[in-house]
Amino acid sequence: MKLPLLLPAFFTATLGFFLAAPVHGQSSPGPSPHINDAQSRHHEGVDERGDKGMGFSHQLTGHHFYLYADGGAIAVAANNPADTASRDAIRTHLASIARMFSEGNFAIPMFVHDTAPPGIETMKQLRKDISYVAEPNDSGARVTIRTSNPKAVEAIHDFLRFQITEHRTGDTLEVKK
């Protein structure tokens, strides 16, 4: 091949590389470069199964998980204050979750995550030491999880940290004081 014929291809490839390369400070709408295809498929599955298991869209709502010295909380809210359908579905779901968890039934998180989340076996065993209270609020609801049993607190924190990671909420993994 002659050198002059290679130059246009070289410049085109170089230009394509620089256009595709991220600019420092630029945000990308795509997945993190640290997430591989298997992780991406897993998160898509969590989102899809979550929508089915919870009865509302993860795109129309926001999850948050909090760790407290005596347990923690699960909070879900409709993104749009006028979205009463999501708000009502959240309230129904979290009331059901509080009841099911107090009975030692963690079928929904197992379905959503396609695995047994850390902490649930201990939470099942110590269910009589743990209280789950669902409380509606203006945009959805919250389940407050409390116990005085240190082993149960550890299990609750393991469970909630898993939820934070799996739902990619960005919530702190540290215990709030």
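Hydrogens, waters and symmetry mates play no part in the numbers below; they use all other heavy atoms, side chains included. For reference, positions follow the sequence shown, starting with 1. Small disclaimer: the values here were computed from a predicted structure and weren't measured.
Between L60 and D83, the closest side-chain pair of non-hydrogen atoms falls below 4.5 Å. Residues S96 and L94 form no side-chain contact, since every pair of their non-hydrogen atoms from C-beta on lies 4.5 Å or further apart. Inter-residue side-chain proximity for V143 and I145 is flagged as met; some heavy-atom pair is nearer than 4.5 Å.
Interatomic distance, T165 OG1 to H167 NE2, rounded to the nearest 0.5 Å: 10.5 Å.
S86 approaches T61 most closely through the heavy-atom pair CB-CG2, 4.0 Å. Between P81 and N79 the shortest heavy-atom distance is CD-O, 3.7 Å. Closest approach of A95 and A134 over heavy atoms only: CA-CB, 3.7 Å. When all heavy atoms of P109 and P117 are compared, the pair lying nearest together is CB-CG, 4.1 Å.
Note on ring orientation: taking the six-membered ring where Trp is involved, the planes of F106 and F159 are perpendicular (angle over 60°, cut-offs 30° and 60°).
Applying the side chain to side chain contact (heavy atoms under 4.5 Å, CB included) criterion to R161, with sequence neighbours excluded, gives L67, H157, D158, L173, V175. Considering only residues two or more places apart in sequence or on other chains, T144 meets the side-chain hydrogen bond (donor to acceptor under 3.5 Å, both in side chains) condition with E135. Taking E154 as the reference, nothing meets the side-chain hydrogen bond (donor to acceptor under 3.5 Å, both in side chains) condition, with sequence neighbours excluded. Residues satisfying the side-chain hydrogen bond (donor to acceptor under 3.5 Å, both in side chains) criterion with T169, sequence neighbours excluded, are D171.
Side-chain atoms of R87 never come within 3.5 Å of backbone atoms of S139 as a donor-acceptor pair (strictly under, hydrogens ignored).
Hydrophobic cluster membership differs between F162 and V153, with clusters built from Ile, Leu, Val, Met, Phe, Trp and Tyr side chains linked at under 4.5 angstrom. When the side chains of ILVMFWY residues are joined at heavy-atom separations under 4.5 Å, either directly or via intervening members, F65 and V76 end up in a single hydrophobic cluster.
The stretch residues 94-108 participates, sequence neighbours left out, in no salt bridge (Lys or Arg N to Asp or Glu O under 4.0 Å) pair at all. Applying the side-chain hydrogen bond (donor to acceptor under 3.5 Å, both in side chains) test to every pair with at least one member in residues 66-78, sequence neighbours left out, gives these pairs: Y68-R142, D70-R146. Identified under the ring pair (Phe, Tyr, Trp, His ring centres under 6.0 Å) test for residues 117-142, with sequence neighbours left out: F101-Y132.
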Verify side chain to side chain contact (heavy atoms under 4.5 Å, CB included) between Q163 and I74, making sure each step is shown before the conclusion.
CA-CA 9 Å; Q163 297 292 338; I74 302 167; over 6 Å; no
Please list, one pair per line, the donor and acceptor atoms closer than 3.5 Å that link side chains of residues 120-129 to other protein atoms, with sequence neighbours excluded.
from	atom 1	to	atom 2	distance (Å)
E121	OE2	K124	NZ	3.4
R127	NH1	K124	O	3.2
D129	OD2	N149	ND2	2.9

